[in-house]
Amino acid sequence: MVKLHDLYFKPFVSEQKLDAIVQKMANDVAADLGDEVPVFIGILNGSFMVVSDFVKKYPKPCEVTFIKLASYEGVKSTEDIQRLIGLTQDLTGRTVVILEDIIDTGNTLEEVHRIFKNENVKQLLIATLFYKPEAYNKDFKLHYVGMEIPNKFIVGYGLDYDGLGRDLPAVYQLKTTQHMTNLVLFGPPGAGKGTQADFLKEKYDLVHISTGDVFRFNIKNKTALGMLAKSFIDKGELVPDQVTIDMLNKEVEKNADAKGFIFDGFPRTNAQAKALDQLMETKDSQINAMVALEVDDEVLVQRLLKRGETSGRADDADESIIRNRIKEYYKKTAILKDYYAEQNKYFGVDGVGSIEEITVRLSAAIDKL
Ligand code: IMP
Ligand code: MG
């Protein structure tokens, strides 16, 4: 991943792939031009890198020159093209090949055609390394296209974001979600997970996704996924992971601008943890940490018994039931602890102390992510 100014970019086209694409373009142009000596014209600034590699790979004699046009501000193309350096040689009767790093709206290309209107060249060919068909709104023919790409902002290999990134030897694409902090929150019964989730949500502006709540919401509102889940529950079967993941996906998409998520109640198995990783990857994001509140069994038992005195919850009144729930919790989470620890993403936080003390410990772990 690459950060330029305020934005994050992910790997998109590797050096090796660029090399192969440029090689193919050079071969294709050479094959079409026969023995003619072309004039390659790079459009500065962006094209300097592709032009340099292209002419080195061009298997026959050629001339190289540049013109300098500018149209971009930040990550948005503007209508207004400025001619900063124009043509400096007579091109009458010559075969001219424009070498572009990228063709986006086609505004720059329109200006190039304007420049060549009265130059009496033999032919004007357009070659571009990258081409965004969804953004292109002109009719000029593109004779050579290295790679068609989606309408997303890219940097590297000559292309910049506000001046930065031109020097990168590979190409990176703007991430669809920017930097997120995604946590998987764990804690044995009685550890105060709910209280801490509320605090984390506030402090880090995260969206709390409790799988239990998501299920209840979908079933109550009779969503397609809710009905599907219910059909398994009614048969006494486990809801397949994919159904749960699809529900979580909907929650994540509902909150696409979130600074991150707290997953609560999911994952519970290795397979689910992997599925969650894959889900986050489709969002150009990742799980950053499993945060687990650690509380000694005896303390938990005492807390829950005390809660049982006032809450009236039957499962909080019986010590052996409590101990069993705690044992179950450790049995289930041990696998996940290993899964995340292997990726250095497990953060155990001492859950004994006042609410404020615990929140301070949690914050310390999260601030380091
Ligand atoms: P146009 O919209 O086709 O005129 O593209 C104008 C110029 O915008 C290109 O020559 C690039 O300098 C720049 N540009 C277009 N798309 C991108 C991109 O994804 N990253 C960086 N620069 C871009
Ligand atoms: Mg350019």
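We count residues from 1, following the sequence as given. Order of listing sets the numbers, starting from 1, for every ligand and every atom in it. These numbers come from the heavy atoms of this one structure, side chains and all, not from hydrogens, waters or symmetry mates.
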Colleague: As a check for students: among Leu159, Ile154, Asp160, identify the option with a heavy atom nearest to atom 20 (N) of ligand 1.
Modeller: Ile154
Colleague: What do we get for Asp104 next to ligand 1 when only non-hydrogen atoms under 4.0 Å count, side chain, backbone, both or neither?
Modeller: both
Colleague: Whether Arg114 and Glu111 form a salt bridge (side-chain N of Lys/Arg under 4.0 Å from carboxylate O of Asp/Glu) is what I want to check.
Modeller: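 So Glu111 pairs with Arg114 through a salt bridge.
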Colleague: Under a 4.0 angstrom heavy-atom cut-off, which atoms of ligand 1 come close to Lys132?
Modeller: 16 (N), 17 (C), 18 (C), 19 (O)
Colleague: Counting heavy atoms only, which of Asn107, Leu44, Ile102, Val171 is nearest atom 11 (C) of ligand 1?
Modeller: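 It is Ile102 that holds the nearest heavy atom.
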Colleague: One thing to verify: whether Asp28 and Lys24 come together as a salt bridge, which I'm taking to mean a side-chain N less than 4.0 angstrom from a carboxylate O.
Modeller: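 Asp28 and Lys24: salt-bridged.
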Colleague: May I ask you to say whether Lys327 pairs ionically with Asp297, meaning some side-chain N is under 4.0 Å from a carboxylate O?
Modeller: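 Looking at Lys327 and Asp297, the cut-off is not met.
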Colleague: Does a donor on one side chain sit under 3.5 Å from an acceptor on the other, for Glu100 and Ser47?
Modeller: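 Per modelled atom types, Glu100 and Ser47 side chains form no pair under 3.5 Å.
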